[in-house]
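Positions are given from 1, in the same order as the sequence printed here.
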Amino acid sequence: MNQNPTPDNQTILLIDALLQGTISDQQQAELERLLASDSEQRQLYIDYMQVHNGLTTWANETTEPATWIPQPASETQPSQRKSPRFLLMLVSSLVAATLLLSLAYYAGWNTRADSSSAIAELSIDQPADETSQPQTDHIALLTQSVGVEWDTNRNLQAGAGLSAGWLKLKQGTIQVELISGASILIEGPAAVKLISPLKAFCQFGKVRASVPEQAHGFTMETSRLNVVDLGTEFTLSLDQSGSGQVQVIDGKVELHSTDSQLTPANVQSLTTGEGVQFNQWGMIDRLQEAILPLINPEELSQLVEQQQTQQFERWQKQNALLKADPSIVAYYDFEESSNWLRTLNNKSQQKPASSSHGAIVGCQWTSGRWPQKRSLEFKRTSDRVRTHIPGEYQSLTFMAWVRIEGFDRWLSSLMLTDGYNDGNPHWQLSDKGEMILGVKTGPGKNYFSPVVLQPTDLGRWIFLVTVYDHQKQEVVHYLDGVAVSHHEIENPIPLVIGPAEIGNWRPQEHSGAHSIRSLNGRLDEFALFGRALSADEILQLYQTGKPNS
C-alpha cells in the first residue's frame, strides 16, 4: 500500500472501508473531516457512491451470472449463489470495479477541455442518459425584431427562447410572445423584465400588450402602478424618471397602485379609448385627449420584411466576393435552384474537383436566415451531406451559419472526416454548448471552447468560426464574430480532410456509444478557407451576414 496516499486515494480507501463494513471509528472520523473540509473530496465521494450504487443495482437485477464473477464448478448447486462466499466475491468485485473507475477518472482519463491525451473521437465513458435534458425554463419567445441595438452582452435574434430576466434595448422594436398567450411589443430605448408568463416589469420604454382570454390577468408592473389587463389591448409609455401614460386600445384594464397604504377603492378601471397619465410620485390624471398608440404587430411585420430584403441583398454582395476568394477551399451557400437537386455544389470559382460537391442524404430543403434564403434541415440520424475535400493545409478556417434546434447527442457534428488519421480534423459541438476542434496528432488533441451556447441560442441563427493557425500555432473559436477562446497548438501538423460529412459522421472502425453525432438543426452557409482568417475578417463576415440587424 502507498505509504503516502494522495488526498483522492486516501478518501477512496476510507470509502472502500465504509462500504465493506470494516471502517474503524478513527477512520470514520477522518472521512467525515475530509468531506466537511474539502469540496473536491465531497464530489469524489458522490461520484464514487453513484458508481457503486449503479453496480449494486445491476447486480441485484441480473438474473444470469456475469462472466467476470467467479462461478461454481457445477451448476447442480444453485444455492451457492446465495452463499456468504458468493456475496463476498460479488461485493469485492463491485468495490474493485468502482475503485478502478474512480481512480481512472481522477487519474485524468476524462476528456474535457484540459485533457491533451484523449480525444472526442475515441470511445469515452459517458453517463447512461446520452441525450441532453430539454430546457424547461423558457417563459417566452422572441418572434420579431427590427432595427434593434441591444444594451446587453448577448444579441438576441428572432426565434430565441426567453427565460425570466431583463430585455434591454438601446433602439429598435421587438415582439415577445409569452407562453401564457400574451404578446408584447417593446420599443427602445427600453428596459423590461420578464417575471412570469403572466407578469412583466417595465423600468422605462414603450410597450404595447395584446392579451387574449387565455392570458386574462396579465400584469405590466411599473415602479408606481401596475396595469392589469382584463382584455384585450393597451399601451404603456414610461420615461426613466417614472412618469408615463397608459391607454386602452380595446377592452378593459385595471390600474393598481404600488403604494400599499392605498385601499382597493383607489383602483381605477379604464375601458376602450380611455387613458391616464401619472408622475414619479404616483399622481394620476385622466388624459384629456387620446394619445397615438404605438406600432402594431402588422406594421412591425411590414418593417421586418423590408429589413430582411435589405439584409439579403447585402449578403448577396458578400456571397459574390466569397465565391471569387482565392483562399476558399470549399464554399457551400445552399442556394441551389431546385428542391429536387440532391447535390450541394461547391460554389468556389477556384475550379474545385467534382468530388468536393456535396451529396445530400436525407436532409430536406427549407428557409434560411431570411425568407429568400435557402437552407438544409438536419433532423434524422441519417441526415447528412457527403463530401470529399482533397489536399493538405497548413492552416484552415471553418465557417458556418447554423440554427441549432436541440442538443440530442453528447456530440453534434458540424464537419467530421470519416476516419481519424494523422491530420484529420473533427469540428463539432458538445451538448453543454462547447465548440470543439479535434485534431489527430499522435494521441490526438481536442480544443474545447468554454460553454458559449446557451438555451437562448436554440432556434436562432448563430455564426460559428474556428481557426487552425499554423503560423501562430493556435486554435481560436469564434461565436457571432467574437473570439471566445484561444488555444496553443503544441504539435502543429498539416490538416487533411478527404472523405468527410457535414452535419453527421460515418465513422471508420468506430462503433462506440458516441458514433451517432447527427446535427439537429439547419445550415444555410458553410465554408472552408485554406488560410487563417483574421479577427477583423471574421467580424466583417458576421456583420454582413447576420439576420435581424
Side-chain angles (χ1 to χ4, degrees), residues 139-140 143-144 162 164 166-178 180-300:
I139 63 171
T143 54
Q144 295 192 96
L162 303 174
W166 285 100
L167 298 170
K168 296 185 178 181
L169 288 72
K170 292 182 179 179
Q171 62 181 25
T173 304
I174 62 174
Q175 181 180 36
V176 174
E177 295 181 357
L178 292 105
S180 63
S183 175
I184 55 178
L185 300 182
I186 304 172
E187 182 179 317
V192 175
K193 184 178 184 180
L194 303 180
I195 299 174
S196 76
L198 285 172
K199 185 179 294 185
F201 174 83
C202 180
Q203 185 177 8
F204 62 90
K206 298 178 181 179
V207 175
R208 177 173 181 147
S210 299
V211 184
E213 182 178 351
Q214 295 86 344
H216 183 91
F218 172 78
T219 302
M220 180 62 67
E221 298 182 342
T222 75
S223 59
R224 290 303 175 188
L225 60 82
N226 300 330
V227 185
V228 181
D229 191 286
L230 305 178
T232 330
E233 197 168 12
F234 70 89
T235 63
L236 168 68
S237 179
L238 188 66
D239 63 30
Q240 298 196 36
S241 71
S243 300
Q245 299 173 325
V246 174
Q247 181 173 355
V248 180
I249 298 174
D250 184 29
K252 181 180 180 180
V253 304
E254 288 182 351
L255 304 180
H256 296 245
S257 173
T258 58
D259 190 339
S260 60
Q261 295 181 353
L262 296 179
T263 65
N266 295 106
V267 173
Q268 297 190 33
S269 295
L270 301 176
T271 58
T272 301
E274 294 181 331
V276 299
Q277 57 187 15
F278 57 94
N279 60 25
Q280 61 266 43
W281 297 285
M283 303 295 294
I284 301 176
D285 295 312
R286 291 271 178 171
L287 286 175
Q288 299 303 313
E289 58 184 41
I291 59 175
L292 293 176
L294 304 181
I295 185 174
N296 62 43
E298 182 178 357
E299 293 169 335
L300 177 60

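Here CG of Leu194 is found 5.0 Å from CD1 of Ile139. Values are rounded to the nearest 0.5 Å. Rounded to the nearest 0.5 angstrom, Ile174 CD1 and Ile184 CD1 are separated by 7.5 Å. The structure places OG of Ser237 at 5.0 Å from NZ of Lys206, a figure rounded to the nearest 0.5 Å. Taken from CG in Asn226 to CD in Glu254, the straight-line distance is 11.5 Å, to the nearest 0.5 Å. Here the CD atom belonging to Glu213 is positioned 12.0 Å from the CG atom belonging to Leu230, to the nearest 0.5 angstrom.
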Task: Candidate pair Ile195 and Glu221, rule side-chain contact (heavy atoms from CB on, under 4.5 Å), full reasoning - done: CA-CA 10 Å; Ile195 299 174; Glu221 298 182 342; 3.9 Å; yes
- [ ] Assess whether side-chain contact (heavy atoms from CB on, under 4.5 Å) is satisfied between Leu255 and Val227, documenting all intermediate values.
- [x] CA-CA 5 Å; Leu255 304 180; Val227 185; 3.9 Å; yes
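Scanning all heavy atoms of the two residues, the minimum distance from Thr143 to Val176 falls at OG1-N, 4.4 Å. The two residues Ile249 and Thr235 make their nearest non-hydrogen contact at CD1-CG2, 3.4 Å. Here the closest heavy-atom approach between residue Glu187 and residue Thr173 is recorded as CG-OG1, 3.8 Å. Here the closest heavy-atom approach between residue Ser196 and residue Leu178 is recorded as O-CD2, 3.4 Å. Heavy-atom minimum distance, Gly251 versus Thr272: N-OG1, 2.9 Å. Residues Gly188 and Leu169 approach most closely at CA-CB, 4.1 Å, considering heavy atoms.
Residues Val276 and Gln245 are not in side-chain contact: their nearest non-hydrogen atoms beyond the backbone lie 4.5 Å or more apart. No side-chain heavy atom of Phe234 sits under 4.5 Å from any side-chain heavy atom of Leu270.
Residues that satisfy the side chain to side chain contact (heavy atoms under 4.5 Å, CB included) test with Thr232, not counting sequence neighbours, are Asp250. For Gln144, the side chain to side chain donor-acceptor pair (under 3.5 Å) test picks out Gln175, Ser301, with sequence neighbours left out. Every side chain to side chain contact (heavy atoms under 4.5 Å, CB included) that Pro189 has, sequence neighbours left out, goes to Phe204. Partners of Thr271 under the side chain to side chain donor-acceptor pair (under 3.5 Å) rule, at least two apart in sequence or in another chain, are Glu274. Here Leu238 pairs with Cys202, Thr222, Phe278 under the side chain to side chain contact (heavy atoms under 4.5 Å, CB included) rule; sequence neighbours left out. The side chain to side chain donor-acceptor pair (under 3.5 Å) check on Gln171 picks up nothing, with sequence neighbours excluded. Taking the salt bridge (Lys or Arg N to Asp or Glu O under 4.0 Å) definition, one finds that Lys252 meets it with nothing, sequence neighbours left out. Partners of Ser223 by side chain to side chain contact (heavy atoms under 4.5 Å, CB included), not counting sequence neighbours: none found. With sequence neighbours left out, the salt bridge (Lys or Arg N to Asp or Glu O under 4.0 Å) criterion links Lys168 to no other residue. Judged as a side chain to side chain donor-acceptor pair (under 3.5 Å), and not counting sequence neighbours, Ser180 has no contacts.
Across Val228, Leu225, Val207, a single residue satisfies side-chain contact (heavy atoms from CB on, under 4.5 Å) together with Met220, and that is Val207.
Residue pairs meeting the salt bridge (Lys or Arg N to Asp or Glu O under 4.0 Å) criterion with at least one partner in residues 229-247, sequence neighbours excluded, are Arg208-Glu233.
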